[in-house]
*Asks:* 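What follows is a single structure, and I will ask about it in a moment.
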Amino acid sequence: MEIIACPECDLLQRLPELPPGGKARCARCGATVASRSTDPFDRPLALTIAALIALVVANTAPLMSLSAVGRSASTTIVGGVIDMWLQGEQITAVIVAFCAVIAPASYVLFMLTVLLAMRRPPAPHWVAELLRWADSMRPWSMNEVMMLGILVALIKIAELATVDAGVGMYAVGALVILFPAIMVSFDPDEIWQRVEWADGSLPPFARGGK
Ligand SMILES: [Zn+2]
């Protein structure tokens with residue numbers, strides 16, 4: 001039995017054992033205070049592996065190719081960042097590199113490590129640290145902003161040159177869907193219950209009780 005505070009009204013209450021797929025509502029304000037996923041580990045893991053594959057494709061395959069007056073060019077995200085740097089837009093290049101490459105890659109890698117480490121409870125204490133890092137990386141990975149930027153650029157440039165969307169762009173599109181899907185299927189509570197405590201003691205879950 002766990003005591004939790006309602007995220008809306010702060011009422012402390014005891015959380016009963018929830019069945020898979022079950023939800024608990026606050027006794028005072030009715031807000032959902034806890035929910036148990038039917039598949040807390042395999043589904044987010046599958047989505048995270050899919051995101052990792054999409055991320056590799058998004059960063060290695062060309063985003064789009066341009067052709068005008070008999071010349072053609074194509075570029076990847078990293079290629080775009082390097083071009084921006086070389087053209088004197090260093091600050092923009094760093095921001096794009098962080099939001100389009102480093103933050104999404106870190107988020108996926110942290111999540112993958114957490115979900116793999118979870119498969120053999122009790123999870124080591126560093127998993128908690130990774131979970132916090134993944135949380136702080138998530139707002140910075142702006143795949144949807146990048147997708148919007150690419151689409152605007154596509155439409156704008158299409159007036160001047162022939163533009164073909166590359167494989168990389170479809171991969172970015174897949175990431176835009178996969179990232180929220182990971183967040184929805186992932187339940188940090190399930191992870192916290194399995195993490196070793198700061199003093200090195202086993203979590204109640206592994207001790208056979210709640
Ligand atoms: Zn409440």
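Just so you know, ligand 1 is whichever comes first in the structure, and atom 1 is the first atom listed for that ligand.
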*Asks:* Could you tell me which residues satisfy ring-ring contact (aromatic ring centres under 6.0 Å, His included) with F41, sequence neighbours excluded, listed by chain and number?
*Replies:* none
*Asks:* If you link ILVMFWY side chains whenever their heavy atoms are less than 4.5 Å apart, which other residues fall into the same cluster as I95? By chain and number, please.
*Replies:* I91
*Asks:* On a heavy-atom basis, which atom in E8 and which in C29 lie closest, and how many Å separate them?
*Replies:* CB-SG, 3.9 Å
*Asks:* Can a side-chain donor-acceptor contact be found between D39 and S37 if the only test is distance below 3.5 angstrom?
*Replies:*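 Short answer, no.
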*Asks:* Name the atoms and distances for all side-chain donor-acceptor pairs under 3.5 Å in residues 68-78, with sequence neighbours left out.
*Replies:*
unit_1, atom_1, unit_2, atom_2, d
T75, OG1, G80, N, 3.4
T76, OG1, G79, N, 3.0

*Asks:* Give me the one residue out of L45, L115, T48 that meets side-chain contact (heavy atoms from CB on, under 4.5 Å) with I182.
*Replies:*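 With I182 as partner, side-chain contact (heavy atoms from CB on, under 4.5 Å) holds for just one option, T48.
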*Asks:* Sorted by chain and residue number, which protein N/O/S atoms are under 2.8 Å from the Zn ion (ligand 1)?
*Replies:* C6 SG, C9 SG, C26 SG, C29 SG
